[in-house]
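Input: a single structure, listed below in C-alpha cells.
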Amino acid sequence: MNAPLRVDRLKSTCPHDCPSACSLEVEVIDGKTIGRVHGDPDQSYTAGVICAKVARYAERIHHPDRLLHPLIRKGPKGSGTFQRISWDEALAMTAERFLEAEKRYGAETVWPYYYAGTMGFVQRDGINRLRHVKKYSGFYSTICTNMAWSGFIAGTGRLAGVDPREMAKADVVVIWGTNPVSTQVNVMTHAMKARKERGAKIVVVDVYRTDTVKQADLGLVVKPGTDGALACAVMHVLFRDGYADRDYLNAYTDVPAELESHLQSRTPAWAAAITGLTVEEIEAFAKLVGEHKKTFFRLGYGFGRQRNGAVNMHAASCIPAVTGAWKHEGGGAFHNNGAIYHWRKSLIEGLDAKDPGVRMLDQSRIGAILTGEARALRRPDGSEGAPVTALLIQNTNPVNVAPDQTKVIEGFARDDLFTVVHEQFMTDTAKMADLVLPATMFMEHDDLYQGGGHQHIMLGLKLVDAPGECRSNHELITDLAGRLGAEHDGFAMTPREIIDWTLQKSGWGTLAELEVTNFRDVQPKFDEAHYLNGFAYGDRKFRFKPDWPNVPYASIGTMGPVDTMPSLPDHWAVTEEPDATYPFKLATSPARSYLNSSFAETPSSRKREGRPEVMINPADATRLGIEHGAKVQVGSPRGTVILHARVTDQTRPGTLIAEGLWANADHEGGRGINMLTGADAVAPFGGAAFHDNKVWIRKSPAA
Ligand SMILES: Nc1nc2c(c(=O)[nH]1)N[C@H]1C(S)=C(S)[C@@H](COP(=O)(O)OP(=O)(O)OC[C@H]3O[C@@H](n4cnc5c(=O)[nH]c(N)nc54)[C@H](O)[C@@H]3O)O[C@H]1N2
Ligand SMILES: Nc1nc2c(c(=O)[nH]1)N[C@H]1C(S)=C(S)[C@@H](COP(=O)(O)OP(=O)(O)OC[C@H]3O[C@@H](n4cnc5c(=O)[nH]c(N)nc54)[C@H](O)[C@@H]3O)O[C@H]1N2
Ligand code: SF4
Ligand SMILES: [Mo]
C-alpha cells in the first residue's frame, strides 16, 4: 500500500490585482502539489473567505498550458509560431538588442512595461530598478486607479479612510460603483455582518443589476456616468430636510455655505432626469443616509472609469462630510488605504537612481505610443522623443487589457519593435512577442504585499518549486541587469533580503517577525482614520471645492479637459453621449470568474462564464430584432467586436454590459472588447474610461 500523502496547510497571500488581497492557507500535498486554497481565518479582514477562482488555484498553477521554456518567434509577428531556446540565448539576445536600440536612439527607446499581474512589491516593482538605473523610458501608470484615487483624494487630501471592518458596525452600508460579489468578496462579509447583527440596510449603486445589486435593500441602477448628479441630489435633500450637521460642516469643511446654495437647483427631479432613477428612489436613499449617521460609504473603482469619473467619485465622497458621518464608528468613507503604509521603496525600485529628466510614457496610451504619435512620445521639456523600439513586459497583457485595441495591435505588429514578454501563459500579448519567457507563480517565489482594500502587510513566501524552466521576475531582472551593465545593490540581493530591508526601513519590523503570523494589522488609530483631527490639507478642511490641477496625487501633470471641471460637486457632462449612430452606452464590467485577463484560461472559470456576451434589455432587443443567444456585432467610434446577446432585464434600456475580459482569441474574429474602448486621457491626471463607450449593436450578418 502507498504511504498516505502528506498535506501541509501553509500561509500565503493572494497576489492578484484585487482590493481584497486575501490572506491564504494553501494545502500543499507532498511538498509539491497545490490542493485547495482557503481564506486565512486568523486575518480579520479576510476572515476565512476567498473567491471561488482562487480556491481552485490548483487549476491555474498546474495548468497544462503553462509556459515552461523560453521561446523565440519563428513565423511573422502575431502568428503564434515559436521555437524553444535556452535562457542564456534568450537573455543574451535581449541584452544585445536593448544595447543596440539604446545606441541608435538613446536609452529612452527601451520601455519597461508592467502592471499588476502580481501585486507583490519585489516581483512587480523590481523592473523599475532596471528602468531607473538604465534611464529607460518611465512608466506612468494610469489604467486602473487614476480617476478613483484623484477623485477621493480631492476631498480628503489623502488616500485612506475608515477601517473597512467597521462596515460591520454601520446602520447603512452604501456600496457605490463596485461589484464586490464579483470583484472583492470580503466587502460582502463585513456588510452582511452589519445586516445580520444590526439590521443594517445595504444600498448599492451600479449601472446594471449585478449580483451585488441583487443583495441590496435599495438597488439604484443609474445611467452610466451620472453618479455626480445622484450625489448632488442626495446632498440637496440632506440640506433641505435638516440632516446636514452644521457644526461638523463649519469645523471640518471648506465652503459649506457655497455648497448649500449651489445645491439648491440640484433637486431630486433634476437628478432623476439625468440618472434615470425615480424621484422616490433618490428621496429614499437620501432619507436613509440622513437618518443614520452610521452610514459607511464603500466607494469603488467602477464609477471612476467614466470621463467624468474623478468628479463623480469626489461628489459621492462629499456626502458623509455633509452628514458628519465621519465622526461615528461605522460611519464615513473608504476607498483605498494606500497612504497608511509609508513604504520605503528605494531599494526595490532603485529610486536613488531616478532621473526626473527622463520621459514618462502613459500606460493607457500604449497604442498611440507604439504607433508613433508624436505627442505621446514627448519628453518633459516638450521636445520630441525617440520612438519606442524595445519593450520588456512583465505582469500585464496589454494586447488584451489596454484601451483602443486597434492601435495597440497595430503597434505591437511593427517589425522594427523588439518585444520581450515574461509570462505564465501564451497570452494575447505573448503571441505578439519576439521572445516569450516563462514566469513563476506566487507560490513559487517570495514576496511582500499590502491590502489596498484593508490594512494588512502580508507575506507570500515560496511554497513549491516552479515547473520547467520558469524564473521569477526578480531573477530575470537581476540577470538582465548584469548583462546590460546596470549596477544597484538590489540586483545583488535575494527577494528575502529585499523584503527584510524594506520592512525595516519602512518601520514595520523584520522579515523574521512577519514570518511568525504571515500578516500584520497596521490599522491607524480611530481618530486618524476618521479624520477627527482634520483632513489632510494644510487647513485641515475637507474640500467640497477642490483645486483640481493641484490635488495631491502623484501625477505627471494634468491631462484631459481639466479647465472645464466643475469646481463644486456636479453632473459634469463630458461622457460619451449616445447619438443617432451610436444609440447605446456600453460598460465593460468585470466577470466574476476572471480577474482582468487572468483565469480566462482555467477550465472552471471558462465554464462558468460561458462565452463572450453582451447584456441587452428585452425592450431594446425586441426593437432591434435581436433574440437571446444571437450573434451580434457591437461598434464604437474606435472599432467593432463580435459577441453573443444575452437578453436580460439586468440592464436598463439604452445600457449594454459586456462582462470580461475574455482573451481576444475567444471572440470570433480574434479581436477583444477593448476594440471598443477609448484611450483618450481622462481629467484631471489621465486614465482610461473603460465603462464609458457609445456604441451601436446589430445582429451579425453571418448569424
Ligand atoms: N472577479 C473579478 N474581480 C476583480 C477584477 C476582475 O476583473 N474580476 N478586477 C480587479 C481589479 S484590477 C480592480 S481595479 C477591481 C475593480 O473593482 P470595482 O471597484 O468593483 O470596479 P469595476 O470592476 O471597474 O466596476 C465595478 C462596477 O462599477 C459599475 N459601473 C460602471 N460604470 C459605472 C457608473 O458610471 N456608475 C456606477 N455607479 N457604476 C458603474 C460596473 O458595472 C461594475 O459593476 O476589481 C478587481 N477584482
Ligand atoms: N475593457 C476593460 N478593460 C480593462 C478593464 C475593464 O474593466 N474593462 N480593467 C482594467 C484594469 S482595472 C486593470 S488593473 C487592467 C489589468 O490588466 P493586467 O494587469 O494586464 O491584468 P491581469 O490579468 O491581472 O495580469 C496580467 C498578466 O500578468 C501575468 N502574471 C501574473 N503574475 C506574474 C508574475 O509573477 N510574473 C509575470 N511575468 N507575469 C505574471 C498573468 O499571467 C497575466 O497574463 O486591465 C484594464 N482593462
Ligand atoms: S482574487 Fe481577490 S477575493 Fe479572490 S482570493 Fe484573491 S484577493 Fe481574495
Ligand atoms: Mo484594476
Side-chain angles (χ1 to χ4, degrees), residues 13-24 37 39 46 49-55 57 60 114-120 123-124 143-145 148 176-180 182-186 204-208 210 212-213 220-227 230 299-306 308-309 312 316 364 393-398 400-403 421-425 427 429-430 437-442 444-445 447 451-453 472-473 476 575 587-601 657-661 672-674 676-677 688 690-692:
T13 300
C14 179
H16 288 284
D17 187 2
C18 170
S20 279
C22 293
S23 287
L24 305 178
V37 179
T46 303
V49 179
I50 60 167
C51 65
K53 58 192 177 297
V54 169
Y57 216 78
R60 188 163 194 273
Y114 70 103
Y115 203 53
T118 173
M119 294 286 276
Q123 309 293 349
R124 183 189 64 191
I143 211 161
C144 174
T145 60
W176 198 325
T178 173
N179 178 12
S182 289
T183 62
Q184 42 172 336
V185 63
N186 308 76
V204 181
V205 189
D206 207 295
V207 294
Y208 70 115
T210 62
T212 307
V213 174
L220 300 173
V221 177
V222 298
K223 291 185 188 170
T226 64
D227 303 82
L230 174 59
L299 306 172
Y301 289 97
F303 71 135
R305 306 193 203 292
Q306 299 281 340
N308 57 7
N312 293 349
S364 300
I393 298 182
Q394 286 186 321
N395 286 325
T396 184
N397 183 10
N400 182 253
V401 308
V421 175
H422 189 200
E423 249 301 343
Q424 297 164 339
F425 290 97
T427 59
T429 307
L437 306 173
T440 46
M441 287 191 183
F442 74 106
E444 299 157 355
H445 58 231
D447 222 328
S472 72
N473 293 1
L476 183 145
T575 47
T588 60
S589 311
R592 164 109 63 107
S593 309
Y594 298 158
L595 200 136
N596 304 322
S597 70
S598 303
F599 296 89
E601 68 282 326
I657 304 289
E659 291 182 347
L661 293 162
I673 199 70
N674 279 313
L676 305 179
T677 58
F690 285 112
H691 303 328
D692 182 359

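Note that the structure is a prediction, hence the values are computed from the model and not measured. Whatever order the structure lists them in is the order used to number ligands and atoms, beginning at 1.
- Nearest non-hydrogen protein atom to atom 35 (O) of ligand 1 is Gly225 N, 2.8 Å.
- Taking every heavy atom of Thr588 and a limit of under 4.0 angstrom, the matching atoms of ligand 2 come to 1 (N), 2 (C), 6 (C), 7 (O), 8 (N).
- Scanning Val207, Ile657, Asp692 for the heavy atom closest to atom 33 (C) of ligand 1 points to Val207.
- Looking only at heavy atoms of the protein, atom 44 (O) of ligand 1 is closest to Asp206 OD2, 2.7 Å.
- The parts of His422 lying near ligand 2 are both backbone and side chain, judged by heavy-atom distances below 4.0 Å.
- Taking distance alone, with nitrogen or oxygen atoms compared against 3.5 Å, Arg592 approaches ligand 1 more closely than that limit.
- Contacts between Val401 and ligand 2 below 4.0 angstrom, taking non-hydrogen atoms only, involve backbone and side chain alike.
- In summary, Cys51 places an N/O/S atom under 2.8 Å from atom 4 (Fe) of ligand 3, meeting the contact criterion.
- Only the backbone of Ala21 comes within 4.0 Å of ligand 3, judged by heavy-atom distances.
- The part of Ala591 lying near ligand 1 is the backbone, judged by heavy-atom distances below 4.0 Å.
- The nearest heavy-atom contact from the protein to atom 11 (C) of ligand 1 is Asp17 O, 3.2 Å.
- The shortest N or O to N or O distance between Ser593 and ligand 1 is not below 3.5 Å.
- Heavy atoms of Ala116 come nearer than 4.0 angstrom to ligand 2 in at least one pair.
- The option with the heavy atom closest to atom 16 (C) of ligand 1, from among Gln306, His16, Arg305, Lys223, is Arg305.
- Residue contact annotation: Arg124 has no non-hydrogen atom under 4.0 Å from ligand 2.
- Counting only heavy atoms of the protein, atom 15 (C) of ligand 1 lies nearest to Pro19 CD, 4.0 Å.
- Counting heavy atoms under 4.0 Å from ligand 3, residue Thr46 does not touch it at all.
- Considering NE2 of His691 and OG1 of Thr575, their distance stands at 14.0 Å, rounded to 0.5 Å.
- When only interatomic distances are considered, the shortest N/O to N/O separation between Ser182 and ligand 1 falls below 3.5 Å.
- Under 4.0 Å from ligand 1, the heavy atoms of Tyr208 that appear belong solely to its side chain.
- Proximity to Asp227 (heavy-atom distance under 4.0 Å) selects the following atoms of ligand 1: 34 (C), 35 (O), 36 (N), 37 (C), 38 (N).
- Gln184 and Tyr301 are not linked by any side-chain donor-acceptor pair at a separation below 3.5 angstrom, with hydrogens and angles left out of the test.
- Across Glu601, Glu423, His691, heavy-atom proximity to atom 27 (C) of ligand 2 is greatest for Glu423.
- Against a heavy-atom cut-off of under 4.0 Å, Cys14 is close to the following atoms of ligand 3: 1 (S), 5 (S), 6 (Fe), 7 (S).
- By the criterion of a heavy-atom distance under 4.0 Å, neither the backbone nor the side chain of Met119 is placed next to ligand 2.
- For atom 25 (O) of ligand 1, the closest non-hydrogen atom on the protein side is Gly302 CA, 3.2 Å.
- Inclusion of Cys18 in the first shell of atom 2 (Fe) of ligand 3 is supported: an N, O or S atom falls under 2.8 Å.
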